[in-house]
Structures are given as structure tokens and as C-alpha cells.
Amino acid sequence: MAQLSLFLVVLLALVIPIFMARFQISNVPTAVAEIIVGIVMGSSGFNLITSTHDLTFLSNLGVILLMFLSGMEIDFDLLQRKNNPKGKSQAGKTVDPLKTAITAFIGIVVMAFVLAYILRLTGLFSEVMLAAIILMTVALGVVIATLKEKNILGRPIGQTILLTAVLGEVIPLLLLTIYASVNGGNAEQLWLIILLFAAAIFLLRRFKQPYLWFAKITKATTQLDIRLAFFLIFALVTVAERVGAENILGAFLAGMVMKLLEPSEATKDKLTSIGYGFFIPIFFIMTGVGLNLRSLFAHPSSLMLLPVWVIFLFIAKAPVVLTYMRYFQKKNAFAGGFLTATTITIVLPTLQVARKLHAITSTQSDAFILAAVIVCILSPIVFNSNFVLLPEDKIKEKVAIVGANAVTVPVAHDLHANWYSVKMFTDKKNQYKTYDSRVENLTFLPNLDEETLEKGGVFDGDIVVAANRADEDNIKIARMAKEKGVNRVIARLSEVDSKTLTEFNEKGIEVFNSTNVHAALMRAMIESPTVYRIMTNTKNILYSVKVKNTHYTGRQLMDLEFIDQITVSRIKRGDEWLIPRGATEIEPEDILVFSGEFKVADRVRGLLSKE
């Protein structure tokens, strides 16, 4: 029976995502589907799967890896204000994602404790701290997956929701550790948790340089990057247990350390594959198997918790909606608040801890899990049904062009509206009068000093093109843009001296020289007329795209469903250019240069670049 249970769990882990893909069930998170199937196959349903020693062990490894990968999901760049600039929200107001997320989460904390006290006063649940922890949690993994699906992670509302979810995972985890220490009789050892964080900092510093070396010498038979990841997990889990903290906190910190080591996309993919490919599905399925709904329905007091808990999980996130409404469109603020109500990843380990401490009964735990499952089903559905992609949400990159002339205006018109939001600026009144009626977003600047450019929003974009007639203006603008942290800076220069070119190369500023471009086009016309026709053809388009969609990595070019509709010219991998062949495997961060009919090429670019 034990072997059969293990076989069935592994089989279900394989079949569930295939079934969901086949019937296009995208609104329900895979984790929730796995719990539901576990309920059906466990003691509440057909009783075909029972908890065995092997499954319990694999399930425990699953929750540890789940917390580790959750730690790796945190984007520390968003927590730094220099990398988290203020931007215009959908309501046209200036929004600071970090400040807005903190305000929203403070509201969640207050509401969670209010609702926890109501539960205590009504006699439904007496543990105020435990109830508050559960009510304030947010399922970071579910939120990230949903935001990626909408392609709004880089937009102000996407960043705000993401940061709210980060706080909703980190803070409850710390509070859970304190709760477990106090209720487990280890309150006097609570200070020892500092040692856990000290160990995490030590490991981060100790492996920062060796990790770069590991990445160079790792082979298929050694996989040093993966071995290091598991060493970090078990080192910090061991320290956590020794100092009286929860092992899931150690695993979460290990994920944060791994993230700060800046692993390659290939390493992230391998760790994700190990976790979500095997161990984590077992944890979710066994969570469903362990649910005893028959016992729950036999205890009216515990059953009464179910609807109350579902309602309270939504009410706890009401402050998020109110906060978001100050900055974002009301419908999208409502949808964002509903999305933050998703709570499954931290709730499950929290209930495990509570059961170990005998703070709750098994039937109460079942009611909480079932409520979390219901909320996790409803929240993404409500979000996807109500969230409206506005034009600014669909834009991938913001381009600021300084200089309105015969070269830049056609370029601004030709840039695809689905990929770029273009704003043009000029300090010449005659240019402004000439092109104002022809350019949708043309702004006149009285001069080109730093204060005027910054106030005009020139440096708010992802790409700044300095394309004035005067080289000295373009050099000055390019330098300022790079100092302001603009990702890509392009300077149009008529004449390029070696000193300026060296400086720009070191700073990562790209130089556009019309003489060189004309010469390159003429050479292409002579040597490669087909390439020239592709570049100048209005029906076809030449694109380059960085592959971020893991659905297409690890696959050969010949296996791509759209390969017969495009022509892949080159693949750039790191600093090396590869000649594409049918058997060439695509790796994460590869840059594909391809051409095709306009609509097809545009769709392929969208698929490959989707995070």
C-alpha cells in the first residue's frame, strides 16, 4: 500500500498540470489544484492514498524547498529607492511602489489583529497571534505568477502589488518564528535567532567570490551551483532548528542568500525544476490527502470557522484596496486587493507549526486550509476578470528622444506601439512649431540643463536618445542620462573622437553615427541584398529578443511551434555569436535575431520575452 501511495502521488504530480493545460484551466493555481486532487484521493474521498514514512519525508523536503524558492523570488532591487523610482500611476498620480506597499501592509496588520480579536470575542478561535499571522499572509508565488501572466511586473501597479506580497510573506514568517519560540517554551532563547541571521550573512560573504568560480567550473556531472544551493538550505535549516527557530525560516533565508549570490538563469531554472518538478507537488498533494473533511463536517464548531475564515481573509486585505485606490484606477485597485488575499504558501507551514505546538486542533487546521484553498481559487479569478490593461501597462519600454528632426520623427512613428511608449523633446522653437502637429507627445524645453531635463521627465524612461543637431548637446545629455541611472542611452554624433568613444564605451553609452550607418547599409546592399531587403521591407520586420520565457528554454529550435513562420539569423549567448541550426538548444538569456511577417514576428517576440 505504501508503494502504491507513492506511485499514485508521483503520477498525479505528472497528470495534474497536463490536465490543466489540456482543458486550459489557467485561473486556478496549480498548487490549489494539487490540494483539491489530494482531498479527492485521500481520506476525505476515495482513500486511495495514505500518509507513509516516505511521503512524509518527501513532503517535508517539499515545504523546505517551497520556502527556499520563495526566498529566491524576492527582488531586492525593488527595495532600494534608487532602483525603485517614482512613476506615474494609472490614475495619473505619482506613485512610490515601496511606500505604497508599506502603507497597504500596515493596514493589513491592523485589520488582521482586529479580526483576530473578533474571533476570540466570539469564541470561534482563541489564539489571537496565530489568527493574525494567518490573516496577514500573502502567497508570493501565486501573486508573481499572476502578475507575470498579465505582463505588468515592471509597471507601477505591478511593483506595488509585488512588494505588498513580499511583505506579506516575510513579516508573517518572522512573527511565526517569534510565536513558535514563545509558545514552545523557548522564549528565553529567542535572542539566539540573531545567530541564524548572522549565519546567513556569513554564508553570503563566504560564498560570494567562490560562487563565481563555481559557475565557471561546474559540469553536468558535478552541478556545483545546485550542490551549493542545497548546502545553504541544510546549513541554515540546521542552524534554525538548533537556535529554536522554525526550519522554514532557515530555508527562506537560504533562498534570500542564494538570490543575493546572483545565480544564472540556468541555475534558477534547475532549482525551480527540482522543487516544482518533484518535491513541492508532493507537499501540496499530501496536504490535501491529510485533510479530513468528514471529520470537519462532523464538528459544527470547526465547520463554522470555514465561511468566517473565507470572509475574514478577504476583509483583512480591504486596506490594500483603499490604499491602491488613491493611486490606481478603482477597478484595478479592487483587483489588486483581491489578488493579495491569496494565502497558501505560508499558511500551510504555519498550521504545521501550530499543530506541533497543539495550539489548534486538526479539524480547525482543516477548516483553515480549506478556506485558504477557496480564497486561492477565487482571488486570481476575480483579479483576471476585473484587471484592465491600460495602454501604459502594455508598454514594455519608455523611450525619450531629445531632438525633433527629419531623422527622429519617422523613427518615433515607426516604433511599435505595443513595445514602446515614445516621448519627444526639443529646445528649438522652430522645430516645435514644425513637428507639434505631427508628433503626439512632443514637449518644448526652454533649455537643456539638468534641472529642466529632469523636470520634463526625460530621465524617467528606459531608453534615452540624444539626437540633437549639436554633438556637444548630445554628449552632455548622454552623460547626464547615464548618471541618472537610465538603462540604455544612445547618442547621435556627427563626429566621434577616440577619447569620447572610449568614455562612452566604458559607461555603456551607445553611439549612432550617420556616416557609419549609411556605409553599413550600402555594404549590406552589395554583400547581402537579402538582409538589406529584410531591414527595409515594410511587410516583414527584423527583431532581436532576449529569451526570458522558460517554456521555450532547453528546447531545440526545430521543436518550436512557430519556427516555420520565422527565420532565425543569429543567436547571441553571452559574448559569443552562434550560427543557429535545427538542433540548437535555446538557453535562458539567449538573444535571438530573427525576421518574419510583421504580425507573426511581433507575436513571437511577445512569447519569447514573457517572464
Side-chain angles (χ1 to χ4, degrees), residues 1-23 25-70 137 139-142 145 233 247-248 251 271-297 306 342-356 362-363 365-380:
M1 188 64 183
Q3 191 63 37
L4 177 61
S5 292
L6 178 59
F7 169 75
L8 286 174
V9 169
V10 175
L11 176 64
L12 290 171
L14 170 66
V15 170
I16 291 168
I18 295 174
F19 179 87
M20 294 179 72
R22 174 66 181 83
F23 293 97
I25 304 172
S26 56
N27 284 331
V28 179
T30 306
V32 173
E34 288 163 349
I35 293 173
I36 293 171
V37 172
I39 294 171
V40 173
M41 300 297 287
S43 57
S44 298
F46 297 114
N47 203 25
L48 294 174
I49 300 174
T50 57
S51 183
T52 66
H53 177 270
D54 290 344
L55 283 172
T56 300
F57 174 73
L58 293 173
S59 179
N60 288 337
L61 274 180
V63 72
I64 286 173
L65 280 172
L66 176 65
M67 299 314 302
F68 171 76
L69 292 172
S70 295
T137 58
L140 179 61
V142 176
I233 292 170
N247 56 18
I248 55 174
L271 289 168
T272 302
S273 299
I274 293 170
Y276 286 100
F278 184 67
F279 292 101
I280 295 172
I282 292 177
F283 166 66
F284 284 125
I285 292 171
M286 291 309 297
T287 297
V289 168
L291 277 175
N292 192 333
L293 297 187
R294 293 173 184 173
S295 175
L296 175 62
F297 289 120
L306 180 60
T342 54
T343 172
I344 196 77
T345 48
I346 295 292
V347 167
L348 296 180
T350 300
L351 294 172
Q352 277 188 346
V353 172
R355 286 196 300 271
K356 281 193 296 184
S362 60
T363 51
S365 175
D366 292 346
F368 295 159
I369 294 173
L370 193 55
V373 168
I374 292 170
V375 170
C376 239
I377 293 172
L378 293 177
S379 293

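Values below: every heavy atom of this structure, side chains too, minus hydrogens, waters and symmetry copies.
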Go through Ile36 and Ile377 one step at a time and tell me if the side chain to side chain contact (heavy atoms under 4.5 Å, CB included) criterion holds. CA-CA 11 Å; Ile36 293 171; Ile377 293 172; 3.6 Å; yes
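- Two residues are said to be in side-chain contact when any heavy atoms from C-beta on lie closer than 4.5 Å; Leu58 and Leu6 meet this criterion.
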Could you walk me through whether Leu65 and Phe283 satisfy the side chain to side chain contact (heavy atoms under 4.5 Å, CB included) test, starting with their C-alpha distance in whole Å, then the side-chain angles of each, then the deciding distance to 0.1 Å, before giving a yes or no? CA-CA 10 Å; Leu65 280 172; Phe283 166 66; over 6 Å; no
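- Taken to the nearest 0.5 Å, the CD1 atom of Ile39 stands 6.5 Å off from the OG atom of Ser44.
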Please step through side chain to side chain contact (heavy atoms under 4.5 Å, CB included) for the pair Phe278 and Val10, ending with a clear verdict. CA-CA 8 Å; Phe278 184 67; Val10 175; 4.2 Å; yes
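- The line from CD1 of Ile233 to CG of Asn247 is 11.5 Å long, rounded to the nearest 0.5 Å.
- Here the closest heavy-atom approach between residue Pro281 and residue Tyr276 is recorded as CG-O, 3.2 Å.
- To the nearest 0.5 Å, atom CD1 of residue Ile49 and atom CZ of residue Phe7 are 11.0 Å apart.
- At a threshold of 4.5 Å between non-hydrogen side-chain atoms, the residues Val9 and Val289 do not count as touching.
- Atoms CE and CG, from Met41 and Leu11 in turn, are 8.5 Å apart once rounded to the nearest 0.5 Å.
- Atom CG of Leu351 sits about 11.5 Å away from atom OG of Ser362, to the nearest 0.5 Å.
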Between Leu55 and Ile285, does a side chain to side chain contact (heavy atoms under 4.5 Å, CB included) hold up when you go through it step by step? CA-CA 10 Å; Leu55 283 172; Ile285 292 171; over 6 Å; no
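- When all heavy atoms of Met20 and Ala33 are compared, the pair lying nearest together is SD-CB, 3.6 Å.
- Considering all non-hydrogen atoms of both residues, Val347 and Ala372 come closest at CG1-CB, 4.4 Å.
- Looking at Val32 and Ile35, their side chains never come closer than 4.5 Å, going by heavy atoms from C-beta outward.
- The two atoms that bring Met286 and Ser51 nearest to each other are CE-CA, 3.8 Å, heavy atoms only.
- Pairing each heavy atom of Ser379 with each of Thr342, the nearest pair is CB-CG2, 3.2 Å.
- For the residue pair Thr343/Thr137, the side-chain donor-acceptor check at 3.5 Å is satisfied.
- Annotation: side chain of Phe284 is not in contact with side chain of Thr30 (no heavy-atom distance under 4.5 Å).
- Annotation: side chain of Leu291 is not in contact with side chain of Val373 (no heavy-atom distance under 4.5 Å).
- Between Val15 and Val37 the shortest side-chain heavy-atom distance does not fall below 4.5 Å.
- Taking the six-membered ring where the residue is Trp, the centroids of Phe19 and Phe23 are separated by under 6.0 Å.
- Among all heavy-atom pairs drawn from Asn292 and Asp366, the shortest one is N-OD2, 3.2 Å.
- For the atom pair Ile248 CD1 and Ser70 OG, the distance stands at 10.0 Å (nearest 0.5 Å).
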